[in-house]
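What you see below is based on every heavy atom in this structure, not just the backbone, and it leaves out hydrogens, waters and symmetry mates.
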Amino acid sequence: MINYPKVTLEIATEHGLKKEEYKKIQHILGRDPNYVELGVYSVMWSEHCSYKSSIKMLKTLPRSGDRLLVEAGEENAGLIDIGDGKAVAFKIESHNHPSAIEPYQGAATGVGGIMRDIFTMGARPLVSMNSLRFGSLENSRNRFLLEHVVEGIADYGNCLGIPTLGGEVVIEDSYAGNPLINAYSLGIVDTNHIASAIAKGTGNPVYIVGSKTGRDGIHGATFASVELTAESESRKSNVQVGDPFKEKLLLEASLELCKKSWLVGIQDMGAAGITCSSSEMSAKGECGITIDINKVPRREPNMNAYELLLSESQERMLVVIEKGFDKELKEIFEKWDLDCTQIGNVNDTGMIKVYEDGELICDVPSETLVLGGGAPQYDMPVSEPVYLDKANQFDIHNLEEITEYNKSLVTLLSSPNITSKRWVYNQYDSTVRTNTVQAPGGDAGVIRIKDSQKALAMSTDCNGRFVYLNPRLGGQIAVAEAARNVVCAGGEPMAITNCLNFGNPEDPEVYWQFKEAVTGMGEACRSFNTPVTGGNVSFYNESTESAVYPTPVIGMVGLLDDVAQSTTMEFKDSGDFIVSIGSINGSLGGSEYLKTIHKRIEGPIPPLNLEFEMRVQDICLEAIKSGLVKSAHDLSDGGLGVNIAESVIKSKSGLGAKINFARKLRNDELLFGECQSVIIVSIAEKHLIDLVTIAQQYDVPTQTIGRVIDEPKLVINDLINIDRDSLEDAYHNSFEKIME
């Protein structure tokens, strides 16, 4: 018998529980919890697992739609019907704190965890993406973090044989003490083989399959629910250790299992390990689970029930099957050389009962542990941040106009947030499995669906600077730009997943940012009919210096009815017209130009009319489907100058562009101002009238602003005249030089 410490309020507080929460546990149990039970509640009621500070706001988001097969939060990942008996499972999640102190394993296990969320649905993962944010790369620590995060992502994903199709790499000072590592995965499943994270059927056996359990990751969920401090480096034991080769075996075994009629339910052991999977599966099935903890396979000696229940060791699943199929289950996992051990049974009491050495050491109602069940739900205090007024006083009349526009364009193309990230993407295998249509570096990734004419477009997007300056509008813009990127690639936006990265929710100003950003996201999702399928909330992203920019990352998925619709940003043929869809009305507030050239981060940011944005996207998509559009690229970071330069840089050798565009704007606004609801397309001259006709039907202005030319240079009015070699050198080589 293990001699566990006696539980006191002080010990409960050390576990991250508040006094009121400890009292609630006492009330639920009708007694004091023992040490093991306290550990179980502490991880399940942590911010990371329970969403206790965010669940009420998350419920305001649109979480159902015609294509959705499950509502947000019902399963491990979102599920969208794409017809032909197939569905898409996709999700994005954070692994921020682990990556801050152990970047390689933190990032690698982030990839592994999100993959398991996909294949526990019965879906084969097809694609990875990621959204990565770091502090200034002039700092050696930030370069170290970026280098090893990318290495961890690459090693894990490449070993699994899953292509990585891009995402974001953003550099801002606010992420210096707390980088953001958001991992995204998408897979395809036959709708008749969808698996569920559920336990039911009294007496049905409960198995743990995959890897053995170790001490890595114990209290990882709790660690993710506190701020990073100088002492965080000593908590490396809270970071899991991944084995991608084991995950590959588990993936194949799980997909084989998901096709069996006798499978009841399966769930990944991510945050909080056995505790989370057993409580969530049993709560969903309105039953209980009895576990003999001594039967759990372990890779370290002398592990007790507390450690085994809370371990977040990787590459493990909890599986419930119908009685009488034990032999068939073991045959599958023996074939793939994986552990497969019965550790318990489903019970009809609604309780999680854990026995150690024959003694009942945990006896708690599963419903009281899970999100939306008995876990606390808080209405957090809010207060509009004091910085907002001062940060939104930008007046262009007080900004000196820099007239060296060639130099400014080169500087922007060299800046970390705009320059090519091929140093990152080249470490990822983006073409394995031969489904890739658009690899990293474009507006969106595109992958074909085998045995079908269809394809999927996907993007991750968020401008944290915009959200910082105007959280509600910034939340809307994050959704709008993610959708716009998918449309530019030829896809019709279907749904989103999100990863909401914010500071300490107990700070009223931080929570005001969160509440406003979620409200803006919801407004945009309803406008675009792109419901939220699920995702992740990551609070406490702050260091001793400050909180990160509020960063609600959007993962958008769109459908191409025909892979031939796939559209890229590069210009194709000399003589083509370059046309703007929407109104170019650039603003320098919150822009990359204002930050990079003038070292100022000030708003107001560009406005957004959601209804107009939708019409712009509809025009572009209709024109693409009609075969009119040769290239499409949305106007965003760096404004018109960067937009056209990127399309030139990526086009075949020898092409350039000549723009002649008159607007009542200052020259720096015209060239580098950023605005919403604008897509720049190139078309053959003969199709101009067709595009204009479509736009008139939607009551959206278009303007022919230039032509693709058979000279390797970029000319914009009489302001910019620069050879293509200079553009390419700035764009392609700057990140490598930074990381040398």
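Taking the centre of each ring, Tyr4 and Tyr306 stay at or above the 6.0 Å mark. Checked against the 6.0 Å centroid threshold, Phe514 and Phe539 count as a close aromatic pair. In summary, the aromatic rings of Tyr22 and His27 are positioned with their centroids too far apart to meet the 6.0 Å limit.
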Decide side chain to side chain donor-acceptor pair (under 3.5 Å) for Ser282 and Ser366; before the verdict, give the C-alpha distance in whole Å, the side-chain angles of both, and the deciding distance to 0.1 Å.
-> CA-CA 7 Å; Ser282 58; Ser366 60; 3.3 Å; yes
Do Val319 and Ile321 pass the side-chain contact (heavy atoms from CB on, under 4.5 Å) test, and can you show the C-alpha distance, the side-chain angles, and the key distance before you say yes or no?
-> CA-CA 7 Å; Val319 171; Ile321 62 170; 3.7 Å; yes
Given Phe119 and Leu250, is the side-chain contact (heavy atoms from CB on, under 4.5 Å) satisfied, shown in steps?
-> CA-CA 9 Å; Phe119 65 78; Leu250 183 59; 4.2 Å; yes
Full working for side-chain contact (heavy atoms from CB on, under 4.5 Å) between Lys450 and Asn435 | CA-CA 7 Å; Lys450 279 188 175 174; Asn435 295 321; 2.7 Å; yes
Could you go through the side chain to side chain donor-acceptor pair (under 3.5 Å) check for Asn345 and Asn204 one step at a time?
-> CA-CA 5 Å; Asn345 296 87; Asn204 278 339; over 6 Å; no
Report the C-alpha distance between Met494 and Phe90 in whole Å, list the side-chain angles of each, state the deciding distance to 0.1 Å, and finish with yes or no for side-chain contact (heavy atoms from CB on, under 4.5 Å).
-> CA-CA 12 Å; Met494 295 188 295; Phe90 71 113; over 6 Å; no
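At a cut-off of 3.5 Å, with distance as the only test, a side-chain donor of Thr120 or Asn76 sits close to an acceptor on the other residue. Between the side chains of Asp429 and Asn158, no donor N or O sits under 3.5 Å from an acceptor N or O. Using a 3.5 Å distance cut-off with no hydrogens or angles, the side chains of Asn294 and Tyr355 do not pair a donor with an acceptor. Asp32 and Gln26 share a side-chain donor-acceptor pair at under 3.5 Å. Side-chain contact, Asn182 with Asn130: no donor N or O sits under 3.5 Å from an acceptor N or O. If you check the side chains of Thr290 and Asn347, you find a donor sitting under 3.5 Å from an acceptor.
Note that the OH atom of Tyr428 and the OH atom of Tyr156 stand 15.5 Å from one another [nearest 0.5 Å]. Separation of atoms CD (Glu71) and CG (Leu68) is listed at 8.0 Å; rounding is to 0.5 Å. Note that the CE atom of Met115 and the OG atom of Ser128 stand 2.5 Å from one another [nearest 0.5 Å]. Going from atom CG of Leu369 over to atom CE of Met44 covers 5.5 Å, rounded to the nearest 0.5 Å. Rounding to the nearest 0.5 Å gives a distance of 13.5 Å between CD of Glu359 and CD1 of Ile293. In this structure, the separation between NZ on Lys248 and CD on Glu315 is 14.0 Å, given to the nearest 0.5 Å.
Without hydrogens or angle criteria, Thr8 side chain to Ile11 main chain gives a donor-acceptor distance under 3.5 Å. Using a distance-only test at 3.5 Å, with no hydrogens or angles considered, a donor-acceptor pair links the side chain of Glu300 to the main chain of Arg215. At least one donor-acceptor pair closer than 3.5 Å links the side chain of Glu47 to the backbone N or O of Ser53. A donor-acceptor pair under 3.5 Å is formed between the side chain of Ser311 and the backbone N or O of Gly214. Ser277 places no side-chain N or O within donor-acceptor distance of the main-chain N or O of Leu318, the cut-off being under 3.5 Å. For the pair Thr275 (side chain) and Leu309 (backbone), a donor-acceptor distance under 3.5 Å is present. Using a distance-only test at 3.5 Å, with no hydrogens or angles considered, a donor-acceptor pair links the side chain of Arg299 to the main chain of Lys212. Remark: the backbone N or O of Lys323 is not paired with any side-chain donor or acceptor of Asp326 at under 3.5 angstrom. Of the possible donor and acceptor atoms, none in the side chain of Asn529 sits under 3.5 Å from a partner among the backbone N and O of Cys525. At distances below 3.5 Å, not a single donor-acceptor pair connects side-chain atoms of Ser254 with backbone N or O atoms of Leu251.
Side-chain contact between Thr191 and Lys86 is absent, with no heavy-atom pair separated by less than 4.5 Å. Taking the side chain as every heavy atom from C-beta outward, Ile162 and Val127 never approach each other to under 4.5 Å. In this structure the side chain of Met521 reaches within 4.5 angstrom of the side chain of Asn498, judged on heavy atoms.
Salt-bridge formation is not detected for the pair Asp81/Arg67: no Lys NZ or Arg NE/NH1/NH2 atom is positioned less than 4.0 Å from an Asp or Glu carboxylate oxygen. Classification of Lys454 and Asp84 as a salt-bridged pair holds, one side-chain N sitting under 4.0 Å from a carboxylate O. Between Arg124 and Asp190, no side-chain nitrogen of the basic residue sits less than 4.0 Å from a carboxylate oxygen of the acidic one, so the salt-bridge criterion is not met. The pair Glu75-Lys284 meets the salt-bridge criterion, with a side-chain N (NZ, NE, NH1 or NH2) lying under 4.0 Å from an Asp/Glu carboxylate O. Of the charged side-chain nitrogens involved, none lies within less than 4.0 Å of a carboxylate oxygen, so that Lys335 and Glu331 do not count as a salt-bridged pair. Look at Glu247 and Arg116 and you find a salt bridge, because one of the NZ, NE, NH1 or NH2 atoms lies within 4.0 Å of a carboxylate O, short of that distance. Here Lys52 pairs with Glu21 in a salt bridge; the nearest charged N to carboxylate O distance falls below 4.0 Å. A salt bridge is defined here as a Lys NZ or Arg NE, NH1 or NH2 lying under 4.0 Å from an Asp or Glu carboxylate O, and Glu328 with Lys330 fails to meet this definition.
For the pair Ser278 and Ile352, the tightest heavy-atom approach, listed with the atom from each and the gap, is O-CD1, 3.7 Å. Residues Pro552 and Leu500 come closest through the heavy atom pair CB-CD2, 3.6 Å. Between Ile447 and Leu126, the shortest heavy-atom distance links the atoms CD1-O, 3.6 Å. Across every non-hydrogen atom of Ala455 and Leu559, the tightest pair is O-CD1, 3.5 Å. Smallest separation of non-hydrogen atoms from Leu257 and Ile332: CA-CD1, 4.1 Å. Considering all non-hydrogen atoms of both residues, Arg63 and Leu58 come closest at CD-O, 3.8 Å.
In this structure, Lys23 places its NZ atom where only 12 or fewer heavy-atom neighbours from other residues, nucleotides or ligands lie under 6.0 Å away.
A cation-pi geometry, defined here as NZ or CZ lying under 6.0 Å from the six-membered ring centre and within 45° of its normal, holds between Lys24 and Trp45.
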